[in-house]
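The structure appears right after this line, and notes come after that.
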There are 2 protein chains.
Amino acid sequence: MSTIKDVARRAGVSTATVSYVLNNTGTVSEATRQRVLQAVKELGYRPSVIARGLQARKSRMIGYSWRPMPPDQFNPILEKFIHSMAEAAERHDYHVLTFPSSIPYDEVTIYQDMIESGRVDGFILPHTNLNDRRIRYLLDVGFPFVAFGRSNPDWDFPWVDVDGTGGMRQAVTHLLELGHRRIACLAWPETSLTGQYRLEGYQAAMVEANLPIDPAWVVRTENDYYHAYQITQTWLALPPDRRPTAVVALSDLMAIGAMNAAADAGLKVGPDLAVVGFDDAPITGYLRPPLTSLRQPIAEVGERAVTMLIELVRGETPSPAQVLLKPRLIVRDSTRLSKT
Amino acid sequence: MSTIKDVARRAGVSTATVSYVLNNTGTVSEATRQRVLQAVKELGYRPSVIARGLQARKSRMIGYSWRPMPPDQFNPILEKFIHSMAEAAERHDYHVLTFPSSIPYDEVTIYQDMIESGRVDGFILPHTNLNDRRIRYLLDVGFPFVAFGRSNPDWDFPWVDVDGTGGMRQAVTHLLELGHRRIACLAWPETSLTGQYRLEGYQAAMVEANLPIDPAWVVRTENDYYHAYQITQTWLALPPDRRPTAVVALSDLMAIGAMNAAADAGLKVGPDLAVVGFDDAPITGYLRPPLTSLRQPIAEVGERAVTMLIELVRGETPSPAQVLLKPRLIVRDSTRLSKT
DNA sequence: ACGCATAATTTAAACGTTTAAGTAGGCTTG
DNA sequence: CAAGCCTACTTAAACGTTTAAATTATGCGT
């Protein structure tokens, strides 16, 4: 593996000149520039990113850590997200370092480790929440990061998020147009900010349509298939005038629970009970019936987050520093009335 | 951020001594050792991994690139795999660098880039095949890697793989025990080595049971839902004495295609047509009926591959250099005879 | 008290870059 | 034609470690 010294020797110049040519800095005559480039080509020289990193005190690495899913759940967005981040990063000669957030550790320790050892120049933070300790820590130490998700309104930090409120509003509006009036919502615990935004969208759409929300129609639970299944069962057991004809779920996993509960009760999902999910996981289209769901623009989230982060690392101020993207409702048979 | 010089100054020693203490090399008196450690603690000093990397000409990074899935398909193992690799790596102070294998590029170029810029010390290679150009290249340049999957038998390189042959044999044996005699197989094109191994397991189990394989029962196709759906339809249209009563698929995605084709034909999956998948994706348990599938020990694959790779990077020779792990058949209702 | 072996520590070079500061030489300018 | 100014380079220090080699301190046997 050849170094800048080898190139300099072969081109008959100093290493400084080579460096200037490679970085398009300094003033170099066209003749020497060509000689240097020739030498680079002949030797197949590639600058060492580590040596560059030492000099610049930058690693050109972006750290990304996600919460591992329990084995029976799926992470519908991880692959696309990492992929889009890595691609965007590569365009700027950055790379993505994935590290696990093992449970035993204090959540913040790993981030601290990564910073202090100089492994990464910045972070993308997924799964944010109110009073997120990682955000608080990174703000305190002034280390660059961009969050995928929001947090406390009085914390000023850069984020990209998907508009859960708008998404749920779309979903409910869609159901209203189909004639549904009694719409239930499989929600998340109050501790989830993301869940809160989504729930608000449901509520807002119902209020705007002047429809009452029966308290029984909103149930908060962990993101879990069986909970969703059971809750749907209780809904189906309500008296006819209170029984929901449609369910919007905060995730595809819960939507599947609702679908299966309905099917097991002898109902036809779609005509008898409409179901909408959130995330548009790749399998949704293969379910029976295929599930209507809200597709998040994951690739765009990853791309914009990384772009913003690189600006931050360079000392620039990304503008806008907060980006809210719209999800798109993918309509499938789980919200179609006609019996297929 | 303090450096080794700061520590040396504070402890009243040279930087060399600090380095010896930190790495447990050289001979340092207990008194100075304590003084150094004290200084380290007081300053919150952490060695710069970049500076270390420059000196050692090592990045302590493991590169991992995977083929992105088409949007309508899912990668059932990616999350677990990256997670297990990252955890194993961290135990040895290594980290995982994920990079996309963008289509436009020549497949090998990206690996070359990573090597020549000194980004990574080794690779984990997923999705191997016969005459795999990445393997050939890495062998030629002598760069450390461990493959997840096998390749040409006459190429000697370290790999970890899941025993597809044994897995399919398990699946078929399970079906035989349930009384099935006409078993079909949704296979992959001949170009897929993994597919070849799995298919051989199916064939071997049938032969051992002295059962004839009707040529119509083995259909090779790309890993695709719709193909699987259509092929199953043609099977169901066969005359009763040739119509399969069970289907083993080389992936969950194709198994789902088979299940849906059967359901749409008015058959009950399980009693009327048994279906077995491969991968045990997290959703399989939530399908109707839940899908019997072969679970790959992904976490162990990741862990062992990384351990082997780190040995290689250190110049050691991992033993064994080839590891074949058994998948486990998870039996669910898609292969149960009783009508639920 | 001396020489010697060994233990403890320091010096300085090296890893592969970048870049501030310095230096020639040619060109303009009054 | 000297003073100054570009242009096109080079020199050398710096980034934060490790480590071979050199140096100094310590203890031991006689």
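All heavy atoms count here, side chains included; hydrogens, waters and symmetry mates do not. For clarity, every value in this text was computed on a predicted model and none was experimentally measured.
For the OP1/OP2 pair of D:dG16 and a distance below 4.0 Å, the side-chain nitrogens and oxygens of B:R52 include no atom meeting the criterion. In terms of phosphate contacts, B:T3 brings no side-chain nitrogen or oxygen within less than 4.0 Å of OP1 or OP2 of D:dG16. Between A:S19 and the phosphate of C:dT18, there is a side-chain N or O to OP1/OP2 separation shorter than 4.0 Å. For the pair B:T32 and C:dT9, the criterion of a side-chain N or O lying under 4.0 Å from OP1 or OP2 is met. For A:S29 and D:dC9, the shortest distance from a side-chain N or O to OP1 or OP2 is below 4.0 Å. The side chain of B:S48 contributes no N or O atom lying less than 4.0 Å from OP1 or OP2 of D:dG16.
Looking only at distances, a side-chain donor or acceptor of B:R134 sits under 3.5 Å from a matching main-chain atom of B:P126. Listed for the B:S101 side chain is a donor-acceptor partner under 3.5 Å among the backbone atoms of B:W66.
In this entry the distance linking OH of A:Y45 with C1' of C:dT18 reads 11 Å, nearest Å. Regarding B:I50, its CD1 atom lies at a distance of 11 Å from the P atom of D:dT17, rounded to whole Å. One interatomic measurement links the two molecules: CD of A:E30 to C1' of D:dA8, which rounds to 13 Å at whole-angstrom precision. Regarding B:D93, its CG atom lies at a distance of 15 Å from the C1' atom of D:dT17, rounded to whole Å. Between the CG atom of B:L54 and the P atom of D:dC15 there is a distance of 14 Å, rounded to whole Å. One atom, CG of A:D6, and another, P of C:dG16, lie 9 Å apart when rounded to the nearest Å. Residue A:E116 contributes atom CD, which lies 13 Å from atom P of D:dT17 at whole-angstrom precision. If you take CZ of A:R60 and P of C:dT17, they are 15 Å apart, rounded to a whole angstrom.
Using a 4.0 Å heavy-atom criterion, one finds that A:T27 contacts the bases of the nucleic acid, with or without backbone contacts as well. Residue-level contact check: B:R46 touches the backbone only, with heavy atoms under 4.0 Å from sugar-phosphate atoms and none from bases.
Aromatic ring centres of B:Y111 and B:F143: separated by at least 6.0 Å.
Within the 4.5 Å cutoff, no side-chain heavy atoms of B:H95 are placed close to those of B:I62.
One can find a donor-acceptor pair under 3.5 Å joining the base of D:dA20 and the side-chain atoms of B:Y20.
Of the residues near DNA chain C, A:I4 and B:R33, the one whose nearest nucleotide (by heavy atom distance) lies more toward the 5' end is B:R33.
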